[in-house]
Amino acid sequence: QGVMLLRGLARRWLSAGASTEEAMRRTLVAALDASKVVVEDVSGGCGAMYRLEVESPKFSGLSMVKQHQLVTQTLKQEIQEMHGLTIKTSLPSSSQA
């Protein structure tokens, strides 16, 4: 239910003129309480491939695979339109032991 709401918000941001990168960034910040999100189109501007860096306390205790699954689930709709995606996840430095 929350993911559907976030997808709707992402669509509104896109229709309001925000870039795809900014819409994805906002969605990740909202869904994952992310303290840092970098979204970069690495396809030369056509939107086929993206590089993501996400830092979130919600990754605490999760394997890297589970962290990446959380990111891809959050951006499930957007990812359907992509040809490739690189994801780097981390915990905020204050969350690391």
Side-chain angles (χ1 to χ4, degrees):
Q1 193 174 23
V3 172
M4 294 302 292
L5 173 64
L6 292 172
R7 286 185 190 147
L9 290 173
R11 284 190 200 103
R12 265 191 237 126
W13 286 320
L14 283 173
S15 64
S19 69
T20 302
E21 292 95 329
E22 182 61 17
M24 286 192 292
R25 189 192 72 74
R26 289 180 183 185
T27 299
L28 289 164
V29 167
L32 302 178
D33 192 27
S35 54
K36 175 186 173 187
V37 176
V38 175
V39 179
E40 179 184 6
D41 182 344
V42 293
S43 62
C46 72
M49 295 190 66
Y50 288 90
R51 179 182 68 83
L52 303 177
E53 289 182 33
V54 183
E55 184 176 278
S56 170
K58 291 193 176 186
F59 297 148
S60 182
L62 299 179
S63 69
M64 184 183 302
V65 170
K66 294 288 185 187
Q67 293 174 18
H68 288 204
Q69 287 173 339
L70 195 54
V71 171
T72 57
Q73 182 61 37
T74 301
L75 296 177
K76 187 176 182 177
Q77 186 70 32
E78 294 83 352
I79 289 172
Q80 291 179 7
E81 306 298 320
M82 297 178 196
H83 293 284
L85 179 65
T86 301
I87 301 171
K88 178 182 176 185
T89 56
S90 61
L91 286 168
S93 46
S94 62
S95 298
Q96 296 174 355

Grab the two heavy atoms, one from S43 and one from A48, that are nearest each other, plus how far apart they are. OG-N, 3.1 Å
Separation between OG1 of T89 and CG of L62, rounded to the nearest 0.5 Å: 9.0 Å
When rounded to the nearest 0.5 Å, the distance separating CG of L75 from CD of Q80 is 11.5 Å
Correct closest heavy-atom pair for L32 and P57 would be O-CD, 4.3 Å
Are Y50 and T20 close enough that some pair of their side-chain heavy atoms sits under 4.5 Å apart? yes
Any Lys/Arg nitrogen of E21 or R25 sitting under 4.0 Å from an Asp/Glu carboxylate oxygen of the other? no
Looking only at heavy atoms, what is the nearest atom pair of G47 and D41, with distance? N-OD2, 3.0 Å
Say you draw a straight line from NZ of K66 to CZ of F59; how long is it, rounded to the nearest 0.5 Å? 13.5 Å
Kindly compute the distance separating SG (C46) from CE (M82), expressed to the nearest 0.5 Å. 11.5 Å
Beyond-backbone contact of Q69 with Q73, side-chain heavy atoms, under 4.5 angstrom: no
Are the charged groups of E78 and K76 less than 4.0 angstrom apart, N to O? no
Applying a strict under-4.5 Å side-chain criterion to I, L, V, M, F, W and Y, I'd like to know whether L91 and V54 cluster together. yes
Honestly curious: do I79 and L52 fall in one hydrophobic cluster under the side-chain, below-4.5 Å linking rule? yes
Is the shortest heavy-atom distance from the side chain of K36 to the side chain of E53 under 4.5 Å? yes
Of all the heavy-atom pairs spanning T74 and A31, show the shortest one and how long it is. CG2-CB, 3.6 Å
Partner of V71 by side chain to side chain contact (heavy atoms under 4.5 Å, CB included), out of V37, L85, I87: I87
